[in-house]
Amino acid sequence: MTRLAWIAITLLLLLATVGLDSHLDIREVMRDREWFLTRTGPEGAELQGVRGEVKAITAIIAQDAPDRALVHVRLGLAGPKEAREAWVDCRVSLRDGQNRVWLPLHANAADKMIEMLAPDGVNNRLCGPGLEVAQADRTIVSDQLFLVPVAVTEELTVHVSGFGTRPEALAMKVAPSIRMLP
Amino acid sequence: MSRGAALAAVLAGVVLLGGMMNTKPDYNSTFQPFVTNTNPGEEGMGRLFTARITEAHIASQIEFDHWGEQLRRDSAGVFLIVRLSASGTARSTRLTAIWLGASGRQYSVSSRVELPSSGIEYKWFQPGLFQRAVAVFELPEDEIKGGRLALMAAGDARLDSAVQIPLQTLGPKQDVTRIGP
Amino acid sequence: MSETVPPSLTRRIWMRIFAATGVIAAVVASYWIKVDNARQPEEPPATAFGQPVDTGRALLTPRALFVLSADPGDPGVEPGTKLLALTARIENITSQTQSVIFASPPMAATGDLELAEPEVILDRDGEVLQQLQPRLPEDVTILWTLPGTWEAQQVEITFFAQIFKLRDNLYGQSNWLGTYPAGSLLATPEISS
């Protein structure tokens with residue numbers, strides 16, 4: 001009987017060690033993954049004190065490359081300073097029905113294209129830095145450009161999360177307006 | 001248990017432990033990427049990308065545009081130019097290309113040939129879209145025959161997938177290859 | 001509480017002898033390490049032009065040392081700046097492309113003055129050397145900026161080698177670790193116009 005108790009105690013301590021040891025790793029994974037989604041339409045919702053919305057989304061298709069579309073997403077984030085600071089950063093991605101992930105284009109060419117494609121000709125830059133410094137009473141607008149196959153433009157969801165909100169994220173189902181370029 | 005049996009048990013334990021210690025795979029082989037060998041000319045599938053070699057040839061010199069300036073590079077060996085077509089699968093991905101030479105040496109993409117608009121190390125590969133890219137290696141000519149192209153998702157390749165593709169055909173050797181944008 | 005029987009006299013003597021031997025051994029060993037360190041000279045071995053120095057990742061063969069005037073066309077260069085130039089051949093002796101050419105760059109000292117970190121130029125391109133491919137030796141020029149007050153005199157250049165461990169002490173993975181002086185070159189630079 002005492003022998004069994006010892007074995008039980010050993011197993012318990014082993015489990016506790018594994019739990020403590022993996023605790024930090026699990027937290028690190030959670031800060032990177034978007035597991036708990038608040039699903040809305042483009043009008044968005046509030047996530048940990050910051051309201052996110054898709055202000056405009058356009059898919060641009062060029063005649064000479066009809067299989068792919070450039071998707072311009074203009075995002076608005078608004079909330080009190082503390083809540084924005086608690087987001088730390090801002091990650092925007094596009095997903096389709098199969099949960100494939102498209103990340104924003106980073107090239108210099110993308111910046112110029114946003115200026116050309118945005119309705120007002122202004123590029124507000126990627127969501128991320130500036131989230132915590134901007135004025136409290138102003139909606140922070142950001143512009144990002146994605147390259148996706150034309151076939152998925154009808155099933156796109158805009159995902160937005162911050163380091164501080166993950167594993168929670170906003171998932172906004174969108175229907176981009178299509179623009180054909182000659 | 002007799003003293004002899006106890007001694008035998010301890011000795012057996014020592015031998016077993018010694019055997020385990022000496023045959024245990026080391027860190028480098030434990031954490032190396034999972035390699036997928038692809039037949040020449042076929043499409044290689046990694047965890048996050050799929051890629052195919054479309055053309056390869058050797059050149060003595062390379063000419064390219066560098067911020068509006070024409071640069072020409074020569075080499076003590078040769079340049080191996082590998083053109084490929086790749087796409088992301090699960091997410092937008094960047095790739096790293098390495099030439100595994102015939103002697104077993106590993107050649108990274110040459111940083112002497114900067115190709116911001118077509119170089120493989122600058123490109124993002126989007127899911128569902130094939131994009132062309134070029135990888136330029138600088139190496140001795142005898143490393144090419146019998147060598148393979150290795151492709152990995154950029155960043156930490158440990159325990160991730162690596163695709164190895166041998167060349168199907170090697171185009172005729174050129175004196176100067178011009179790589180446009 | 002059971003009563004403890006005190007150990008016999010011989011047993012106590014033996015125990016003290018063992019303890020004392022340990023302490024004496026430790027003192028002698030640490031003293032010998034100090035003596036041995038003092039016996040070994042700190043200076044790296046002398047090397048000469050044309051003699052290769054193993055820097056761990058590469059073999060570096062110094063060829064010539066001279067002083068030249070900086071190109072006045074270079075941006076950020078003050079007119080009249082003098083450069084100390086060491087031409088050398090360098091070959092990657094590892095099995096991989098190396099982008100870290102020197103873990104610790106060669107150090108040049110003249111008189112009491114240590115010169116700032118040099119630039120390594122690939123002669124073929126006239127640009128900063130970024131990579132070394134295995135089996136492709138290259139000619140390079142290592143350039144130090146000399147102070148305006150510098151006068152022609154002997155220069156000492158120290159080369160460093162980086163330690164490679166096939167199995168490091170932490171994970172047993174292969175790793176490049178610290179550096180140590182591997183060669184020292186004493187020469188008076190030629191003055192070229």
Side-chain angles (χ1 to χ4, degrees), chain B residues 20-32 60-64 66-67 69-80 96-114 119 121 135-144 147 150 152 156-159, chain C residues 52 54 56-61 63 71 73-76 87-103 119-141 162-177:
Chain B
M20 271 161 69
M21 271 173 68
N22 283 296
T23 53
K24 177 177 79 91
D26 65 0
Y27 183 95
N28 293 37
S29 42
T30 311
F31 288 99
Q32 63 183 329
S60 310
Q61 296 191 343
I62 293 244
E63 211 176 64
F64 62 101
H66 186 253
W67 305 109
E69 188 192 353
Q70 286 278 319
L71 283 184
R72 186 181 275 213
R73 300 280 196 227
D74 62 348
S75 168
V78 293
F79 289 106
L80 170 66
T96 300
I98 288 177
W99 183 259
L100 302 172
S103 68
R105 290 176 175 82
Q106 299 183 4
Y107 291 86
S108 301
V109 169
S110 172
S111 55
R112 293 176 60 213
V113 186
E114 279 177 66
E121 70 273 37
V136 178
F137 303 95
E138 188 186 352
L139 33 62
E141 197 168 343
D142 59 5
E143 294 279 8
I144 295 171
M152 289 151 284
D156 198 345
R158 283 179 298 180
L159 294 179
Chain C
D54 187 347
R57 298 180 198 240
L59 277 187
L60 180 98
T61 315
R63 286 182 159 167
D71 183 357
D74 273 358
T87 53
R89 176 150 265 242
I90 184 165
E91 181 179 4
N92 178 350
I93 49 170
T94 70
S95 65
Q96 293 173 348
T97 301
Q98 294 295 337
S99 46
V100 178
I101 315 296
F102 297 113
E119 259 194 338
V120 184
I121 305 293
L122 176 64
D123 291 353
R124 194 182 288 287
D125 294 348
E127 286 175 20
V128 173
L129 178 70
Q130 295 181 53
Q131 281 179 331
L132 267 184
Q133 311 289 352
R135 289 183 61 210
L136 292 181
E138 293 285 1
D139 289 330
V140 294
T141 307
Q162 195 174 13
I163 299 162
F164 177 76
K165 265 198 164 182
L166 189 59
R167 292 180 182 204
D168 71 9
N169 298 350
L170 190 58
Y171 296 116
Q173 67 177 328
S174 57
N175 217 343
W176 289 98
L177 303 164

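Of the listed residues C/R124, C/E127, C/Q96, the one with more heavy-atom pairs under 4.5 angstrom with chain B than any other is C/R124. Of the listed residues (B/L139, B/L71, B/I98), the one with the most heavy-atom contacts under 4.5 Å to chain C is B/L139.
Heavy-atom distances place the backbone of B/V109, and not its side chain, under 4.5 Å from chain C. Heavy atoms closer than 4.5 Å to chain B are found in the side chain of C/L122, but not in its backbone. For B/T30, no part lies under 4.5 angstrom from a heavy atom of chain C. Heavy atoms closer than 4.5 Å to chain B are found nowhere in C/Q98, neither backbone nor side chain.
Formation of a donor-acceptor pair under 3.5 Å by the C/D54 side chain with backbone atoms of C/G56 is found in this model.
Taking C/A103 as the reference, C/Q162, C/T179 meet the side chain to side chain contact (heavy atoms under 4.5 Å, CB included) condition, with sequence neighbours excluded. Residues that satisfy the side chain to side chain contact (heavy atoms under 4.5 Å, CB included) test with B/L159, not counting sequence neighbours, are B/F31, B/F34.
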Any chance you could lay out the salt bridge (Lys or Arg N to Asp or Glu O under 4.0 Å) test for C/E138 and C/R89, step after step, and finish with the verdict? CA-CA 6 Å; C/E138 293 285 1; C/R89 176 150 265 242; over 6 Å; no

Could you go step by step and tell me if C/Q173 and C/R167 meet the side-chain contact (heavy atoms from CB on, under 4.5 Å) rule? CA-CA 5 Å; C/Q173 67 177 328; C/R167 292 180 182 204; over 6 Å; no

